2 protein chains.
Amino acid sequence: MTPPKAATLHDVAREAGVSLITASRALSNPGVVSAKTIAKVQAAVDATGYIPNLLAGGLKSKRSLMVAGVVPALAVSQFLPTVQSLTNELSAAGYQLLLGQTNYDPDVEASVLNTMIGRQPDGIVITGLVQSEAARDKLRRSRIPVVETWDLSDQPIDKLVGFSHQKVGNALGEYFLKKGWTHIGIASGSDHRARMRRDGFIAALGREVPTAFVSPPSNLERGRRALADLLALEPRLDAVCCSSDQLAHGVMVEAQARGLRIPQDLAICGFGNADFSAHMVPSITTVHVDGPDIGRLAARLIIDQCRGAPIAESIIDVGFRIVERESTAG
Amino acid sequence: MTPPKAATLHDVAREAGVSLITASRALSNPGVVSAKTIAKVQAAVDATGYIPNLLAGGLKSKRSLMVAGVVPALAVSQFLPTVQSLTNELSAAGYQLLLGQTNYDPDVEASVLNTMIGRQPDGIVITGLVQSEAARDKLRRSRIPVVETWDLSDQPIDKLVGFSHQKVGNALGEYFLKKGWTHIGIASGSDHRARMRRDGFIAALGREVPTAFVSPPSNLERGRRALADLLALEPRLDAVCCSSDQLAHGVMVEAQARGLRIPQDLAICGFGNADFSAHMVPSITTVHVDGPDIGRLAARLIIDQCRGAPIAESIIDVGFRIVERESTAG
DNA sequence: CTGTTAGCGCCTTCAC
DNA sequence: GTGAAGGCGCTAACAG
């Protein structure tokens with residue numbers, strides 16, 4: 001009963017008694033075909049179980065209806081809302097997401113991007129700025145719309161949706177200064193963006209700060225360990241700035257396990273405004289960034305360009321804001 | 001300086017002074033080409049910045065080197081390790097992952113699968129069992145290898161890597177019985193798999209259990225709310241079985257906020273063995289499932305089939321195990 | 001509104 | 001070991 005081969009547009013056209021191109025138009029450009037013909041073609045599609053071969057269509061039309069998305073690692077929960085909204089936004093416009101992971105390795109990143117380009121996506125969305133000059137050059141020469149995200153630069157490859165990690169660090173540093181804590185520590189991821197925030201923080205404070213660096217993934221366990229390390233460096237520690245809410249959570253658990261009161265004995269601040277942070281006891285002060293919006297804007301930039309719509313601005317700073325909660329209150 | 005058009009294999013062949021097909025073979029089947037020719041072609045590739053068009057290759061060769069992955073929602077952290085290892089495993093074998101989200105909607109699922117089939121992936125990996133019979137039929141007729149995951153069935157569409165949620169529920173029910181708790185509650189996601197676990201749990205207990213259903217996403221906030229609801233139903237509550245560690249975390253926070261001691265006043269059990277669960281205070285009892293392994297096995301099933309390797313078994317039960325920790329100890 | 005023609009860029013099949 | 005045709009399935013471009 002199952003047909004030996006999948007139906008092609010050719011079969012549909014024959015079944016409907018029209019030419020190949022008419023069948024094609026009935027499906028992908030119904031405006032220019034008579035209603036009666038469309039009905040015939042539609043009936044033939046149902047009868048044959050036809051599913052269009054998007055590979056072939058893409059080859060000819062130069063529109064693959066795919067967008068490549070590249071993240072360091074999917075498990076970096078920070079980027080998840082961005083990828084999720086990116087996928088949904090693309091999907092609504094008929095695009096599919098091709099996913100790549102770099103595992104924070106520049107060589108892997110270059111090779112992933114290379115393969116991605118070969119698939120002729122209609123756009124490429126990258127988390128962070130592409131580091132290697134060779135890869136940047138290849139991307140530019142590919143003429144594929146590129147959106148770098150979650151960071152800021154005056155010289156993106158093409159377009160950019162992000163914010164300044166330096167400024168986040170500055171803002172946090174000033175906040176910590178204002179609070180008057182005297183023995184501050186940092187629990188920081190080892191990736192480029194976390195280091196940028198740390199640099200900004202230190203610049204605002206105007207002095208070095210004891211730091212526990214954490215290799216990815218930043219999670220609760222490593223947060224606990226980071227606080228242990230910081231307390232070994234500085235027993236009088238009274239505030240910790242963490243590069244993610246997951247780390248902050250770990251610092252909080254470790255602090256409570258040691259009988260420290262939060263924020264009286266130890267103030268804690270995170271980054272990313274994870275879904276749990278507002279609902280912990282005590283709730284966690286953090287930096288809010290609109291992840292879903294980054295994904296949405298990146299999708300729009302690409303879709304608009306593909307449709308020939310004018311692009312208002314190609315560098316979008318979505319900003320950020322410090323959300324003060326109980327873990328640093330008072 | 002930038003070339004007006006991307007280089008094609010044609011350009012490479014001309015540059016290298018060989019025929020088109022020789023250039024093609026030098027790149028994709030070097031075994032049958034002389035070393036000298038390969039070197040010439042390689043030089044031409046570097047000179048032109050050639051990147052193979054995988055769309056065109058896939059059209060002719062019937063191997064797109066893409067695998068489709070379908071999840072309910074990316075933010076369901078349960079599946080993340082699976083998707084991450086799936087992506088890495090595929091990537092190592094030269095495959096790319098095409099991502100789709102169903103948002104737990106059967107209609108969206110059907111339409112996403114349809115589009116996926118149209119892209120001619122070499123395999124499709126789906127989280128959960130495909131519900132709609134129409135979609136199952138289309139998948140079968142597409143002749144694309146399909147792997148359903150994170151569930152069990154004797155009649156998968158094609159292949160399957162998962163475990164029995166019914167049995168997880170049974171095992172948890174028996175564990176709760178053995179512990180002798182008398183006023184048990186359930187905080188459960190509303191999705192199909194969470195309901196299956198709940199059914200198994202109730203079957204093992206042999207009586208109905210007060211339940212707070214939680215619509216997706218299951219997170220800390222909804223866990224807190226779930227405990228509040230359960231306590232309203234049953235003030236003498238002494239144990240809660242949760243359908244995820246995120247919910248369990250929320251139940252724990254809410255319990256502690258109400259001055260309940262864990263596990264003395266309230267025992268808590270989760271599901272999924274999230275990365276934080278082992279390191280909380282108290283640590284959270286949970287059910288461990290090897291998510292990365294599911295992704296790895298699914299990738300292997302597809303890659304092996306594509307390479308014509310014999311498939312040992314097409315239904316793999318990866319099992320599970322209850323991990324007892326402090327939140328139910330004593 | 002519909003049809004004919006000519007490829008998209010590459011790989012399979014066959015020859016040499 | 002290398003090369004010359006032909007076509008994968010579809011859609012732009014131009015006719016009618």
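The sequence lines fix the lettering, A, B, ..., with proteins before strands; numbering per chain opens at 1. From a predicted model like this one, the values you see are computed outputs, not experimental measurements.
For the side chain to side chain contact (heavy atoms under 4.5 Å, CB included) test, residues two or more places apart in sequence or in another chain that qualify with A/N53 are A/L55, A/A56, B/L59, B/Q120. Residues passing the ring pair (Phe, Tyr, Trp, His ring centres under 6.0 Å) test with A/F163, sequence neighbours excluded: A/W150, A/H165.
Using a 4.5 Å cut-off on side-chain heavy atoms (C-beta onward), A/Q101 and A/V71 make contact. A/L65 places a side-chain heavy atom less than 4.5 Å from the side chain of B/R119. No side-chain heavy atom of B/P216 sits less than 4.5 Å from a side-chain heavy atom of B/D191. Taking the side chain as every heavy atom from C-beta outward, B/I157 and B/I124 never approach each other to under 4.5 Å. Counting heavy atoms from C-beta on, the side chains of A/Q78 and A/T127 never come closer than 4.5 Å.
Listed by residue number, there are no residues of residues 32-47 of chain B with a heavy-atom contact under 4.0 Å to DNA chain C.
We find the CD1-CG distance between B/I294 and B/L86 to be 11.0 Å, quoted to the nearest 0.5 Å. Separating the CD1 atom in B/I21 from the CG atom in B/L9 is a distance of 8.0 Å, to the nearest 0.5 Å.
Within the 4.0 angstrom heavy-atom criterion, only backbone atoms of the sugar-phosphate kind lie near B/L9; the bases stay farther away. Residue contacts shown for B/L55 are absent, as no nucleic acid heavy atom lies under 4.0 Å away.
On the nucleic acid side, DNA chain D contacts chain A at distances under 4.0 Å to non-hydrogen atoms, with the end points of that region at D/dG9 to D/dA13. Here chain A contacts DNA chain C (any atom closer than 4.0 Å to a heavy atom, that is under 4.0 Å), and the contacts span C/dC1 to C/dG9 from 5' to 3'.
DNA chain D is contacted by both B/G31 and B/A56; B/G31 maps to the nucleotide lying nearer its 5′ end (nearest heavy atom per residue).
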Using a 3.5 Å cut-off and no angle test, enumerate the donor-acceptor pairs between side-chain atoms of residues 297-305 of chain B and protein atoms at least two apart in sequence or in another chain.
{"from": "B/R300", "atom 1": "NH1", "to": "B/E89", "atom 2": "OE2", "distance (Å)": "3.3"}
{"from": "B/R300", "atom 1": "NH2", "to": "B/D304", "atom 2": "OD1", "distance (Å)": "3.4"}
{"from": "B/Q305", "atom 1": "OE1", "to": "B/K159", "atom 2": "NZ", "distance (Å)": "2.5"}

